[in-house]
Every structure is written in structure tokens, then in C-alpha cells.
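Below is one structure, written out as C-alpha cells, with a few remarks after it.
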Amino acid sequence: MSSVPERILPEFVPGARTAHRALAHESAVGHVTGGATYTDDIPEPRNLLHAWVRLSDRAHAGITRLDVEACRQAPGVVAVMTHDDLKAATDVGPVAPGDLVFADGEVTYWGQALFAVAADSIDSARRAAMLAEVKYEEREAILDIRQALERDAAVSPVRTIVQGDPEGAIRGSAHRIRGQLAIGGQDHFYLEGQVAMAVPQEGGDMLVYSSTQHPSEVQHLVAGVLGLPDHAVVVEARRLGGGFGGKETQAAHIAAIAAVLAQQAGRPVKLRLDRDDDMILTGKRHDFLVKYEAGFDPDGRLEGVDFMLASRCGISPDLSDAINDRAMYHADNAYYLPNVRIVSHRCRTNTVSNTAFRGFGGPQGMMAIEYVLDEVARYLGRDPLDVRKTNLYGVEERNLTPYGQVVEDNILPRLFEQVERSADYAARRRAVDAFNRENPVLRKGIAITPVKFGISFTTTHLNQGGALVLVYTDGSVQLNHGGIEMGQGLYTKVAQLVAEEFGIALDRVRVTATTTGKVPNTSATAASAGSDLNGAAAVEACRKIKGRLRDFAAGRFGIAGESLRFEADALHAGEQRLCSFAELCKQAHLGRIQLSDTGFYATPDIHVDKDTMRGKPFYYFAYGIACAEVVVDSLTGEYRVLRADVIHDCGQSLNPAVDMGQVEGGFIQGMGWLTTEELYWDDRGRLMTHAPSTYKIPVASDVPDDFRVELASWSRNRAAAVRRSKAVGEPPLMLGISVFHALKDAIASLAPKGCSVHLDAPATPERVLLAMERLRRATDPAAAGEPVEEDAES
Amino acid sequence: MKRMITVTINGEEQELAVEPYRSLLDTLRVEAGLTGSKKGCNVGDCGACTVILDGRPVNSCLVLAAEVDNCDVRTIEGLQHAPDRVHALQDNFMQYGAAQCGFCTPGILIMGKALLDENPDPTEDEIRFALAGNICRCTGYTKIIEAIRHTARQLAEERQGVES
């Protein structure tokens with residue numbers, strides 16, 4: 001049972017023994033037997049207390065009274081912590097302050113943490129938390145992007161990217177369009193909710209088991225609230241039940257609450273948020289308002305584009321600056337924009353502080369340009385595919401991005417050609433049009449959209465990774481690195497790389513839980529960079545150890561070190577097998593050779609001017625393409641995705657099975673974001689969709705009836721990323737944009753050519769129906785003049 | 001006020017003291033120490049806590065422990081035939097890469113088992129419908145559906161082998 005099975009998939013790199021192979025997830029056995037331990041499954045220590053957090057029920061209000069005496073007296077309660085009870089830092093803002101552990105005199109969003117209770121059972125803690133007396137004095141709240149723009153409420157200053165002369169180019173164009181688009185947010189709904197268990201250690205130290213994508217930051221922020229140096233706090237995470245960005249900064253708040261309660265009580269404390277509270281208390285993907293103006297020639301070639309991107313950041317900066325930067329860096333997606341202005345507003349609202357979510361602003365930027373190109377096509381009465389291809393980045397020319405980076409690795413023309421062929425686009429386009437001519441009720445739509453996603457943290461210093469590799473005298477290897485396993489297969493990939501380096505079988509490598517005590521000062525596992533950074537660091541550690549083993553063996557066997565090879569669990573010189581890897585390790589140990597080492601990697605060749613945002617923020621680009629076909633019931637707005645064809649670029653995939661999983665899952669998650677997943681706040685700023693009953697996440701029956709996914713196995717990373725692979729975590733999410741545009745295409749079939757088709761995201765059945773009604777009324781003289789209910793944001 | 005219940009969990013009869021308001025899920029995870037069943041939403045919408053109760057799949061977060069007195073419960077820990085021999089569904093979930101973060105996996109495997117017990121030869125649509133109450137946020141479901149279909153075919157071949 002210790003070995004994991006391998007799926008039979010085409011070999012990517014002939015000759016590689018473990019790397020590039022479709023091996024099963026390193027925790028596969030644990031996953032399917034229930035033996036894989038998540039934070040809430042760790043055997044509970046004696047005297048464990050359970051925590052409950054009381055949330056505010058006002059969006060913006062002064063707290064005139066907060067009396068927790070009754071909570072302290074309630075049965076089973078051991079500790080209660082309010083803002084005033086905190087002994088050291090009171091803020092867990094990751095980059096800039098603004099994220100209070102507990103409200104301080106006022107609440108600034110509905111669902112903000114007021115205080116927390118630790119008791120001998122979760123029921124006692126919950127009951128006690130309800131006993132507090134809270135009185136508010138309501139204040140005016142800013143609840144959405146429009147209100148924030150009107151009042152100039154921002155978490156940070158406006159930023160602008162300009163290239164060329166957008167105003168002049170738009171003015172001088174043969175055709176011009178302008179419009180706007182609202183794009184909804186998204187709840188992560190990691191299946192494992194936020195959870196942390198803080199266990200006091202001797203001397204006042206604290207051990208924190210945290211479901212976090214960023215243990216080093218949790219360590220630092222927990223140390224801050226406890227008033228301890230970082231070295232007194234250890235944060236550990238073996239695996240997460242999903243992250244998707246939702247545990248990049250948000251986990252620190254949960255861990256901090258558990259830790260301050262544990263410090264106060266002198267006993268271990270576990271805080272596992274109730275799912276509804278999790279959805280209310282923690283940040284989500286930013287919703288955006290996009291305004292655009294575009295000028296283009298009669299072929300639909302964009303000559304000038306002016307974008308206003310405004311996002312709802314919520315009450316604090318959190319990661320909003322970097323997220324909005326990435327939105328700006330992706331407002332070109334795959335297209336050459338010679339004259340462009342991108343203005344980004346980071347709106348402050350009295351709602352939960354929005355945060356990282358797979359794609360990190362990139363998806364919203366891409367939606368903006370894809371929407372503009374679709375509208376250009378509608379205006380000209382042309383197939384949107386032709387307009388997209390007309391505007392594509394060139395390979396040798398027309399390849400300068402709005403931020404000054406040259407696109408040097410463009411494989412988009414080949415991807416377009418491949419998907420048009422494999423999806424049989426031309427014939428299906430004709431069939432869709434024919435279907436729509438014959439069917440008054442059901443309407444079909446089809447769309448192809450590409451993805452070009454920049455790989456690297458745009459905050460340059462975050463592009464570093466570390467690893468610790470321990471070889472034992474029996475030749476088995478323990479591997480630790482700074483990355484977090486959250487289902488994306490990072491542990492598997494890095495273990496494959498290590499096994500490949502030493503030429504040993506994968507089951508000789510054991511990956512251990514990520515902990516700040518082994519690899520310090522790590523970056524978050526985010527930005528799709530996990531295997532690029534940690535994989536490269538682990539390889540470096542292996543090569544240091546191999547270098548010493550080579551030198552030792554060269555002396556022992558009297559053979560030049562360069563001719564020695566590690567393969568098939570043994571050391572070889574030419575065709576000759578010298579000794580097993582285990583024997584080599586044993587002998588080297590006796591020869592007093594160090595069998596462990598650290599590795600470190602910093603992405604080379606990237607730089608950005610912080611003021612102009614120009615430079616080379618990305619080491620390389622990952623590409624993909626999707627073709628989606630939908631059928632819509634024009635009487636109800638309900639729809640199905642009939643077929644989706646995806647081709648995605650992972651370079652020389654480190655594990656095609658893992659990468660296929662990332663691509664399929666990313667597509668569905670992106671589709672959910674733009675179709676059924678609707679976050680709804682009422683007019684008091686209260687989130688009304690705080691459980692999967694009302695917040696609709698795609699389920700098995702929503703998957704395209706015919707779903708064909710392949711990896712672009714011919715692609716090779718031109719940048720020297722680890723073994724020429726490419727990052728794969730985020731990019732596939734944006735393949736789901738094809739479904740949105742297929743829906744827009746189906747809606748457009750109701751209108752004559754040349755008619756604009758307004759559709760906000762998510763394209764829920766309600767929005768699809770309203771969009772169709774608007775078109776019907778605009779084109780039907782009998783119905784003209786009757787008002788149609790507009791979307792709130794349109 | 002706790003009361004005693006007798007319940008057969010994965011073939012083993014157990015006596016457990018439970019509060020009247022305690023869910024079967026919490027009882028399994030805490031009193032019985034079986035943490036394979038997961039708490040995803042705790043309101044019966046995500047399916048991560050699915051177990052088989054007297055032959056039928058249920059969300060164990062919606063069942064009170066007091067209700068299962070004298071009942072038979074099968075959890076993910078009881079799906080494999082022996083410590084070193086997994087059920088065909090489990091084997092195929094590994095082969096197909098049907099688990100990523102793995103948190104929804106126990107519930108989905110149990111739902112798959114309940115489906116195949118009731119309908120040994122489900123169509124793809126029937127599989128999708130059976131799984132519609134189990135949320136997976138990672139995989140996009142494709143590999144899960146393939147793994148269940150393949151298991152059904154394998155089990156059918158085994159049955160034919162026995163008959164012929």
C-alpha cells in the first residue's frame with residue numbers, strides 16, 4: 001500500500017524515470033481510505049478548548065457597548081478575548097494594517113469579528129458567545145463599487161498604465177464602441193473550512209497547526225499578536241482541503257484568534273469556523289466594474305482602448321494592490337493593444353476585505369478585453385473568433401504588452417489552429433447558426449477564448465523558494481520544502497523531482513509536513529509558483545548532496561566524478577553498476593560526508609518599475625484555449641454546456657495526470673464563477689448567500705456533457721523553469737471564460753447583426769433571461785417601450 | 001443528559017454515550033474516533049459527511065446520533081475489504097486521479113458505493129445525478145465519474161466471471 005499507482009498516459013519526456021510521469025497523488029491512499037489527516041483530524045490534545053467567534057450584525061457602526069461579562073460566567077467557558085484583552089499587536093494585515101483581530105470601538109463590515117470565546121466544548125463556546133451585550137450606533141455604509149467611486153473611497157491610490165496615444169487612436173478610428181460590464185466575485189468554498197489549532201509549548205512558545213497557504217506569514221502575525229519573537233512560534237501544515245487563495249492571508253486571522261485564546265487560557269485551542277461564518281467572515285474574489293471605450297478598424301483590429309477597472313476591495317488593503325495590478329497586467333490577455341490606457345480604482349467598501357482567489361485579478365482583467373472583442377464582433381456583425389484572431393499577439397512583431405514586456409514565447413496561433421481543428425469549429429458554427437434559425441425557443445451559442453497568464457509574483461521579492469533534503473544512511477530520503485499541499489499535487493511533483501535527481505524510486509522519498517521550523521521565511525504557495533519555486537529549490541539541494549557523493553565515490557572507486565550517474569537505485573559509471581544508492585549513502589556516512597542540505601531558488605530575470613508598472617514582471621507565460629458550446633432555453637434562461645474542448649500548455653508537464661486534474665478543475669471553477677456562483681449582499685451589507693444551499697457551486701451534473709481536455713504536449717517552456725515545465729495552478733480557471741461567451745453568443749442569436757449584447761457576470765439564468773428580453777424588446781416594434789428590469793450594476 | 005446508543009459501525013457493534021442534540025457526524029468523528037467522514041458545511045449541502053445508514057446514503061451531519069440506536073453505519077473506514085486490500089472504487093479513484101485535495105473524497109466514495117449497490121450498471125447521467133449532492137471544488141468531477149463508471153464495468157465483469 002505504500003506505493004502509489006501510475007496511470008498510463010503518453011510519456012512526455014522519454015528517459016525520465018520519475019519526473020514527467022503520470023504518477024498518482026502522493027496521498028492517494030490516504031485520500032481514498034480516509035486516513036489522510038487534515039487539521040481538524042489531528043488527535044485532539046488533552047484539555048483542548050474549542051473557540052467560537054461572535055460576528056457583528058452591522059455593516060458600519062460605532063460600538064457603544066460591548067459587555068462580555070455574561071460570556072465569561074457561562075458554563076464551560078475558560079477564556080474570552082476582545083480587542084481590549086489583546087496584549088500585543090491587534091492587527092493581522094498581511095501587507096499593510098487594516099485587518100483587526102477584533103473590532104476596536106466600531107465595526108466596519110457585517111460579519112466582522114467582535115470577540116471570541118474558548119470553552120470546553122464547541123456548543124458551550126457558541127452558547128456563551130451569544131450572551132454578550134452589544135449595542136451599536138449605526139453609521140453610513142459604503143456597500144458597493146459605485147458608491148465607493150462616487151465618494152472617492154479607496155484602500156490605495158489609483159494606478160494607471162498607458163501605452164501609445166489611446167485617446168488619439170480611439171478618436172481617429174473608423175469605429176468606436178463604449179460600454180460597461182459588471183463582474184461578480186466568488187467564494188472559495190474550499191471543502192475544508194478555515195481551521196487552526198494552537199498548542200502552548202514550554203517557555204511560552206506556541207505551536208500552531210493551521211490550514212494555511214502561507215505558514216511563514218501566519219507565524220509572523222501570530223508571533224505579533226502574542227508579543228513573541230518569530231522563533232517562539234512554529235506553524236505546521238501537512239495538507240489543506242483546498243485553498244484556491246482563500247487561505248493565503250485569511251488563515252492568519254483564524255490562527256491568531258486560536259493563539260491568543262490559547263495563550264490566555266494556557267491550554268490548547270481549536271478554532272474551526274462554522275461554514276456560514278467562514279463565508280461571512282473571510283474575503284472572496286473581488287467583484288469588478290469595468291468601463292471601456294474602444295476604437296477599431298473595419299476588420300475589428302483594435303487601434304485604441306481605454307479601460308476603467310474598479311474593484312470592491314472591502315474594508316482593508318489585504319492583497320488588493322497586487323490583485324488589481326495583476327488585473328491591469330491581464331487586461332490585454334492574448335491581444336496586442338498598441339494604444340491603451342488602463343486605470344485601476346481600488347475601492348474601499350464596508351464589506352469583508354476581498355482577497356486572493358485563483359487567478360488573483362487576472363481573470364477579471366481578461367474578462368474585460370474578451371468582452372470588448374466580443375462587442376467589437378457584434379458591432380461589425382462578424383464571428384468573434386475572427387476578431388480575436390485579428391487582434392492576437394504576433395510572434396515576432398506586434399508582441400509588446402501594455403506594460404513593456406515583450407511576449408517572447410507566443411504559442412497562441414498554434415493553439416487556435418489546433419482547437420479549431422479538434423473542436424471542428426467551422427462546421428459546428430454553421431450547425432449552431434442553422435439550429436438557431438430553426439428553433440424559436442432553444443438557442444445555441446459557441447465561443448473560443450484563449451488564455452495567456454503571466455507567471456511570477458508581481459511583487460518581485462516573493463519569487464523565492466526553499467527546501468530541505470535529508471538523505472539517510474539506508475538511502476531513503478526525507479523531503480521538506482516551503483510549499484503547501486492543497487490538492488494541486490505540489491508534494492507529488494517535488495518528490496518526483498527529488499527521486500529523479502537521485503535516480504531512486506518515488507517511494508524512497510517521503511515528503512513531510514510543511515513547517516516553519518524546517519524551511520523558514522517562505523512565500524505563500526500562490527501565484528501558481530509552487531512547483532517552479534520549491535521544485536527548483538529541492539533540485540538544488542539534491543545537487544549539492546550529489547556533488548559530495550560524487551566526490552566521495554570518485555575517490556573510493558578511483559573514477560572521475562563527472563562520469564558517475566545516479567540511476568536505477570544505484571551509482572553507475574558508464575555501463576557499470578558500482579553500488580546501490582543505499583550502500584553509497586552508508587559508505588559516505590562512514591566517510592563523514594554530509595548527507596543533507598538546503599536548497600534555495602530565486603526566479604531570475606524579472607523586474608518592475610513600481611511607479612510606472614513597466615518592466616518584465618513575468619518570467620514566462622502559460623497559455624491555454626477553450627471552445628465551449630451551450631444551449632439556452634430562451635423562455636427561462638436555463639442552459640447547459642453541451643461540449644467543451646480544452647488544450648492547455650503546461651510546458652514539459654512534471655506530472656500529466658496531476659496537470660490534467662488542474663486543467664479540468666480550473667475550467668469548472670472558472671465556469672462556476674461566471675455562471676452560477678452569485679454573491680448577493682442585501683441593502684444593509686449582509687451577505688445573503690453564505691451556504692452552498694444559496695451559493696451555487698457547480699456539481700457533477702453541471703459538467704459539460706462532452707468534455708475533452710488535452711495538454712499541449714509539444715510545448716516546452718522557453719524560460720529555464722524546472723525541467724522546462726510550466727505553472728498550472730491558476731491559468732486553467734480562465735478557460736471558463738469560453739462558457740460565458742458561448743452564452744453571450746446564444747443570446748446574440750436573438751438580435752440582428754450589429755446589435756450590442758449586454759451581459760453581466762455571473763450569467764445566471766436570471767441574467768441570461770433578462771438579456772434575451774432586452775434584445776427581444778429592442779428588436780420587436782410591438783414590445784418597444786416596455787421597460788425591462790435592469791441588473792443592479794448595469 | 002447523555003444517553004447510551006448501540007450502533008454497528010463498519011461491522012463492529014459499539015456502545016456510545018451521546019448528547020441528544022449531537023449529530024451522527026460529530027459522534028463518528030469524536031466519540032468513535034473515525035475522522036474519515038468530513039465536516040464540509042454541516043447543513044447537508046456538500047456531501048463530505050456521507051455515510052451509509054442501514055443500506056442508504058445519508059448526510060451524517062443531518063442525522064442525530066440518538067436516531068441511529070440499533071442501526072448499521074458504514075463509513076469510509078469500512079469501505080476497504082482488508083487493511084491491505086482496497087475496494088475497487090478506491091483503487092480506481094487512485095488510478096484515475098479522482099482525488100486532489102481529498103477532502104470530499106470519502107463522501108463521494110461512499111455515495112459511489114451506495115449508487116453501485118442500488119444500481120450496478122449506472123449510465124453516466126445516473127452517476128452525475130447520484131453525485132449532484134456532493135461538492136468537489138478541485139477536480140471538475142470528470143475523473144470521479146470515469147472512476148465510478150470503470151468500477152461498475154469491472155464489477156460487472158467479475159460477476160460474469162463468477163456466473164460463467
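Note that these values count all heavy atoms, side chains included, but never hydrogens, waters or copies made by symmetry. Chain letters run A, B, ... following the sequence lines, proteins first, then strands; residues in each count from 1.
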Next item on the list: Looking only at non-hydrogen atoms, find the nearest pair between M279(A) and T689(A) and report the distance.
Entry: CE-O, 3.7 Å
Check: Under a 4.5 Å heavy-atom cut-off, does chain A meet the side chain of A48(B), its backbone, both or neither?
Finding: side chain
Next item on the list: Report the option among Y190(A), F707(A), F189(A) that has the most heavy-atom pairs separated by less than 4.5 Å from atoms of chain B.
Entry: F189(A)
Next item on the list: Would you check if the distance from the ring center of F103(B) to the ring center of Y38(A) is below 6.0 Å?
Entry: yes
Check: Of the backbone (N, CA, C, O) and the side chain (C-beta and beyond), which part of Q662(A) lies under 4.5 Å from a heavy atom of chain B, both, or neither?
Finding: both
Checklist line | Taking every non-hydrogen atom, the tightest pair across D705(A) and E124(B) | finding: O-OE2, 4.3 Å
Notebook entry, point to check: Is any NZ, NE, NH1 or NH2 atom of the basic residue among E157(B) and R153(B) found under 4.0 Å from an Asp or Glu carboxylate oxygen of the other?
Noted result: no
Notebook entry, point to check: Between D41(A), D276(A), I668(A), T37(A), which has the largest tally of heavy atom pairs under 4.5 Å with chain B?
Noted result: D41(A)
Margin query: For Y96(B) and H150(B), I'd like to know if the aromatic rings sit close, meaning centre-to-centre distance below 6.0 Å.
Written below: yes
Item checked: Region of P704(A) in contact with chain B, defined by heavy-atom distances below 4.5 Å -> backbone
Next item on the list: Give a yes or no on whether a salt bridge exists between K247(A) and E192(A), defined as a side-chain N under 4.0 angstrom from a carboxylate O.
Entry: yes
Notebook entry, point to check: If you tally heavy-atom pairs under 4.5 Å against chain A, which of V30(B), T105(B), I108(B), T139(B) wins?
Noted result: T139(B)
Checklist line | Leading residue by heavy atom contact count with chain B [cutoff under 4.5 Å; candidates D123(A), D274(A), L240(A)] | finding: D123(A)
Item checked: Under 4.5 Å from any heavy atom of chain A - which part of L109(B) -> side chain
